[in-house]
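Single-structure report; data block below.
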Amino acid sequence: MPLPSKNQMISWILPLLVALIALIIYTTNSQKPDTANGNRNLRLGNPSTAVHDPAQPDNYLIERPQYVLSYNRDHGTPNWVSWRLTESDLGDVPRSNVFKSDTTMLPDEWYHVRTDDYTGSGYDRGHMCPSADRSAPPEENNQATFLLTNILPQAPNNNREAWEQLESDSRSWVRKGHVLYVIAGGDGDNGTIADGKIQVPKYTWKIIVVMPVGESDITKITAETPVIAVRIPNNLNEKFGDWETYQVTVAKIESITGYHFFTNLSSEIQQSLKTKKDPVPAT
DNA sequence: CTGGACCGC
DNA sequence: GCGGTCCAG
């Protein structure tokens, strides 16, 4: 058997080396996800300084191309979910409708909330980043919104009425050319479901920064940029009004949650955005 | 996966 | 009617 030529050696070793290096880069990156500020969904700041570190199980950063969130292991829900919404996020991908445990982003030994945990609870599997906000191809965008780390138990009348109407109006603003920076979550204690594995929040809240038409760069945000914030009761059998009924200041949500929003903006602009209640943009 | 329900526009 | 949110089987 003749010795392999130099060329044959290279044809074997080179791909092997490339594969090895790629594997090293891949594993290194999956342990250290993109820095939070580089993700388009978290440009305004990280409200609870969440980190992707199992030592902080109740403020555990999960970054996806579709949204970024802080997960609370002991609540089985996100603390908050943050995403950017633009016209190019809206498309024709059908609603996946398949709620799934998040098996890729949580430490193996943590409890992984299952779709069955919500069945018969009386609460909806309430999307924070909505399905319809991630309807542009590929399908993974929509499927990602059905991961249960993006879900919290939401009273049906909250989810399907006031909350849904605000989501729908938001998409209407986006179709008129506005880019939105959105962050949503729950606060308070309305008991638990699934034998205590999932905490039900007493309120759901949402903050929306409405960018000038055609702008997505946060340096274009001024003290006059509209901000819409709501905090909606999450009680079964609550009688709900229009979402405008529930408008609050961002300062109110900060004082209740202890989070700090808009930390990537100047303190002057923060002060303005947090203390005003803006009129509702035209839909 | 399908079919059925709700709601608001 | 439609499009959005779900549910149960």
Side-chain angles (χ1 to χ4, degrees), chain A residues 66-67 69 76-78 80-81 83-102 113-137 139-176 178 180 182-186 190-195 197-206 208 210 228 230-247 279-283:
Chain A
Q66 296 83 12
Y67 52 79
L69 63 82
T77 64
W80 50 259
V81 182
W83 68 102
R84 189 179 74 173
L85 178 58
T86 72
E87 227 168 343
S88 60
D89 295 311
L90 306 180
D92 295 328
V93 171
R95 185 181 167 86
S96 140
N97 242 349
V98 181
F99 291 94
K100 280 192 296 197
S101 293
D102 191 338
V113 170
R114 303 154 41 89
T115 185
D116 295 358
D117 290 332
Y118 283 81
T119 304
S121 69
Y123 290 92
D124 283 355
R125 301 171 184 90
H127 283 80
M128 290 297 97
C129 180
S131 165
D133 281 11
R134 293 292 179 257
S135 51
E139 289 178 1
E140 294 88 84
N141 288 335
N142 188 260
Q143 290 164 352
T145 69
F146 284 83
L147 291 166
L148 290 164
T149 41
N150 179 47
I151 303 291
L152 55 72
Q154 203 166 3
N157 290 352
N158 168 328
N159 185 30
R160 304 176 193 183
E161 296 177 30
W163 193 263
E164 198 281 327
Q165 287 307 306
L166 176 54
E167 290 177 345
S168 178
D169 285 352
S170 299
R171 287 187 288 273
S172 166
W173 302 332
V174 166
R175 284 188 208 94
K176 297 182 81 168
H178 296 284
L180 309 183
V182 190
I183 182 159
N190 242 355
T192 62
I193 60 172
D195 298 321
K197 292 194 287 287
I198 303 176
Q199 166 90 42
V200 181
K202 201 164 186 58
Y203 291 86
T204 55
W205 52 262
K206 175 177 275 187
I208 304 172
V210 183
I228 301 295
V230 296
R231 185 165 175 262
I232 303 179
N234 195 43
N235 304 323
L236 299 172
N237 305 317
E238 174 109 4
K239 170 74 183 149
F240 286 92
D242 295 339
W243 67 259
E244 291 91 336
T245 315
Y246 303 102
Q247 263 187 278
V280 175
T283 50

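Below, chain A is the first sequence line, B the second, and so on; all start at residue 1.
Straight-line distance from the CG atom of D116(A) to the C1' atom of dA8(C): 12 Å, rounded to whole Å. As a whole-Å value, the separation of F99(A) CZ from dC1(B) P is 14 Å. In this structure, N159(A) atom CG and dT5(C) atom P are separated by 8 Å, rounded to whole Å. Across the protein-nucleic acid pair, F146(A) atom CZ and dG4(C) atom C1' stand 11 Å apart, rounded to whole Å. dC1(B) atom P lies 14 Å from atom CZ of R95(A), rounded to whole Å. In this structure, the CG atom of D169(A) is 14 Å from the C1' atom of dG3(C), given to the nearest Å. Look at CG on L90(A): it is 13 Å from C1' on dG4(C), rounded to the nearest Å. At whole-Å resolution of the value, CG in L166(A) and P in dG4(C) are 15 Å apart.
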> Using a cut-off of 4.0 Å between protein heavy atoms and nucleotide atoms, how would you tag nucleotides 3-9 of chain B 5' to 3' with B, S and -?
Replying inline: ----SS-
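Scored by the side chain to side chain contact (heavy atoms under 4.5 Å, CB included) test, V174(A) finds L85(A), E87(A), L90(A), L180(A) as partners (sequence neighbours excluded). Evaluation of the ring-ring contact (aromatic ring centres under 6.0 Å, His included) rule for F99(A) yields H127(A), F146(A) as partners, not counting sequence neighbours. Qualifying salt bridge (Lys or Arg N to Asp or Glu O under 4.0 Å) partners for D116(A), counting only residues two or more places apart in sequence or in other chains: R114(A). Judged as a ring-ring contact (aromatic ring centres under 6.0 Å, His included), and not counting sequence neighbours, the contacts of W205(A) are F261(A). Scanning for side chain to side chain contact (heavy atoms under 4.5 Å, CB included) contacts around D124(A) gives P156(A), N159(A), R160(A), with sequence neighbours left out.
Put simply, H127(A) has no side-chain N or O that comes within less than 4.0 Å of OP1 or OP2 on dG4(C).
Side-chain contact annotation: W243(A) with D169(A), donor-acceptor N/O pair under 3.5 Å present.
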